[in-house]
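Some notes on the structure that comes next.
Numbers for residues simply follow the sequence, beginning at 1.
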Amino acid sequence: MSIMGTRVARVEDPRLLTAGGTYTDDLREPELAGAAHVTFVRSPMAHARITEIDVSAALESPGVVAVLTGADLDDPPAPTPEAPTPEPLLATDTVRYAGEPVAMVITDGRGQGEDAAELVSVDYDPLPPVVDFDTALAGETLLFPAAESNVIAAGGAEEADAAAFDGCDVVVEQSFVNQRVAPVPLETRAAASVWADGKLTVWLSTQNAQMSRDAIAGAAGLDASAVRVITPDVGGGFGAKIGVDRDCIAVAWAAKKTGRALRWVETRSENMVGMTHGRGQRHIVRLGGDRDGRIKAYRLDLVQDAGAYPRMAPLLATFTSMMASGVYDIPHVETRFQVALTNTTPISAYRGAGRPEATAAIERAVDLFAAEIGMDPAEVRRRNFIPPDKFPHTTPGGAEYDSGEYAAALDKVLDAVGYDELRAEQARRRESGDPVQLGIGLSAYVEITGVLAEVGETGRVVVNHDGTVTVFTGSSPHGQGHATAWAMLVQDELGVPMDKVTVLHGDTDAIPVAVGTFGSRSLQLGGTAVYQAAKDVKEKARELAADELEADKADLEFDADGGVWRVRGVPDVGLDWARIAELAGPDGLAADAHFAPGKTTFPFGAHVAVVEVDTETGKTRLVRHVTVDDAGPVVNPILAEGQRHGGIAQGAAQALLEEVRYDADGNPVTSTLIDYPIITAAELPSFELVRMETPTSLNPLGVKGIGEAGTIGATPAIQNAVVDAVAHLGVRHIDMPTTPERVWTAINEARAGK
């Protein structure tokens, strides 16, 4: 019986729940004995020229080994026509956001660093801050004068095609913000580094060691072979730990420069202002259609906040533009995007990375349209879905959807939630004037997974002389359960029990070629590579067994339950994996695989959120959340459900609570967890997950990605539910996060006729 699709407990958990994980700051490797500690001096200003840095007092402080500034950089980047917005490891002449590193204090003890950092004297000449979208676009103050604009990327149609909306009975238009949020991983950023014997070894909390190695090598002026990156346990990434941040590169550079082993872990307050943020878009949506519910035209005009440096912001805007039409078959779709620099923490990937923003925009627009024509929002969606017989389907944005059953997903989730009964209950509350109103919000979504499918992922399977199996994977887990899933793949293919399978990742010396984990690519690319390597091992074993048993390959059969090769009809003679590995040679039996399908997959689903809104206080309570998240066949429901639960929680957090905010001077006002309200179990119901599996033809497992789905579907469903709860009072829209203050204000403004 196949183990695939069964609820196998995570093999990672016993260690994590008893001994605990070993994270970068926990490492006590021999090479790190006596390591000094790094403390960053960070700018308190959002935008200013650095006129002087005096480190003399800090150098006299107890325990100080060195104080490094931008002047110590071997070749600090300068703006050029080809690269007008360079980001230094340490700010040299200008700081561009509060929290930007200006100097590094290296001390024998960690506590000594905090004291010494306060003695580094930096003189700043303030510059006007650029904080909001309008100021950035106006360009009166430029973050990089050489760029001649704060807009560092743009695309799409400049002017709207007004004629596309001429034939529409109804056109709705709305401007809203998909607010900036903080990833807040449980483990903050951390790095440790040693320079010895011409090689730089870096321990790093990252989602992909190999990309980090290449970035560190470039910054340190080394060949990639002279850098080794090792990834221990990682306590959450959510996209913000893709590759390596400048702070961690600086730690590696400083280890090489000083010749001293170094370690660094940031505080939570540092994390809130120094680690990249997510989202940060402003949308203007325009959607037109007929009163029978058919959508004819859609335009999305967006501005992406990049923060102080471009990082990944242009890619995020591109993803949002590509996925603008969502699950709908709309005859005319046009987008325009601009990516603008501001004096704030840089924006990069955060769970979903551009796709949640696209879904939030189209799903709000569909609800606005449904309200305008007086049609149930479920029915409007149903009438506009891309039908199953149109797959594979190329969207106006250029995305090629592989497969989808959008109406079926919606019908499943509506049936599971009891949609008609909820609408009846809502009508009763409205009629009675109950101060606590019921809101029902829908979303239907599709997303891109398997990012960098053209590059693919690597896997290696080795059968050892004792019959155990070692798997080397290019995927890099940070909570997903790779060790469990990959062991299941090996057991299913080779018959080796999971407890005899060891999965290794995140060491560039052991796995030099890999991409890593992001964009929901692990199972479909990394898992498939392991699956193919296991199949190749099996074929090599067949050759070896045939020679040893003096039989034709076609006469051999493999007993997957026992992991034994036999000649058909001769049950008493067989070869187990230990003997096969011995026959293969001193290194055991191994196979390498590289899987690159060349095309991404497009999971989809539908969410229904049910909220109660107290119209007297504006307080919202999420009482139910029911979802269909279809990512193809499920290898292990426990792992898939864990990803869905986590994603839904983060989506709910954005809809209800979370927002990174700055004041007019660019000072962060949400730099601690006192000011930045993360979601907890107290704010969430038990999620109700409905199963649906539509396979893809793009990999032999038929799987798609599930890591970001919950985040993409949950946010607009909950926002729509909050608006729906008070729509009968005249409220048309409420921006996220839908805090009690915003909901109360919207209700009272509607009652006042504003």
Heavy-atom check, side chain of [X] versus side chain of [Y], under 4.5 Å:
{"X": "L414", "Y": "V608", "result": "yes"}
{"X": "L287", "Y": "L368", "result": "no"}
{"X": "Q338", "Y": "R282", "result": "no"}
{"X": "F604", "Y": "T694", "result": "yes"}
{"X": "T715", "Y": "M736", "result": "yes"}
{"X": "V413", "Y": "H607", "result": "no"}
{"X": "P346", "Y": "Y309", "result": "yes"}
{"X": "P597", "Y": "L525", "result": "yes"}

Derivation of the salt bridge (Lys or Arg N to Asp or Glu O under 4.0 Å) call for D675 and R661:
CA-CA 10 Å; D675 309 303; R661 293 183 292 113; over 6 Å; no
State whether the side chain of [X] and the backbone N or O of [Y] hold a donor-acceptor pair below 3.5 Å, judged by distance alone.
{"X": "R96", "Y": "L143", "result": "yes"}
{"X": "E357", "Y": "G354", "result": "yes"}
{"X": "S212", "Y": "N208", "result": "yes"}
{"X": "Q207", "Y": "T517", "result": "yes"}
{"X": "E334", "Y": "D161", "result": "yes"}
{"X": "R355", "Y": "G352", "result": "yes"}
{"X": "R521", "Y": "T600", "result": "no"}
{"X": "D663", "Y": "N667", "result": "yes"}
{"X": "N720", "Y": "L442", "result": "yes"}
{"X": "H277", "Y": "M272", "result": "yes"}

Pairing of [X] and [Y] as salt bridge, 4.0 angstrom limit:
{"X": "R311", "Y": "D245", "result": "yes"}
{"X": "R279", "Y": "E658", "result": "no"}
{"X": "D292", "Y": "R383", "result": "no"}
{"X": "E708", "Y": "R351", "result": "no"}

Margin query: Ring centroids only, cut at 6.0 angstrom: are F385 and Y328 within range, meaning strictly under it?
Written below: yes
Per side chain to side chain contact (heavy atoms under 4.5 Å, CB included), T342 is matched among D132, V131, N150, D305 by D305
Hits for side-chain contact (heavy atoms from CB on, under 4.5 Å) against T620, two or more places apart or cross-chain, chain-then-number order -> V611, V613, L656, V722, V743
| Can you tell me if Q179 and D735 form a side-chain donor-acceptor pair at under 3.5 Å? | no
Kindly determine whether T344 and R180 satisfy side-chain hydrogen bond (donor to acceptor under 3.5 Å, both in side chains), including the steps that lead there. CA-CA 11 Å; T344 60; R180 174 187 287 247; 2.6 Å; yes
Go through it in stages, so that I can follow the logic: the residues are D402 and K599, the test is salt bridge (Lys or Arg N to Asp or Glu O under 4.0 Å), and I'd like the CA-CA distance, side-chain angles, deciding distance and then a yes or no. CA-CA 9 Å; D402 54 337; K599 291 184 178 181; over 6 Å; no
With a cut-off of under 6.0 Å to the ring centre and 45° to the axis, is R381 in cation-pi contact with Y406?
no
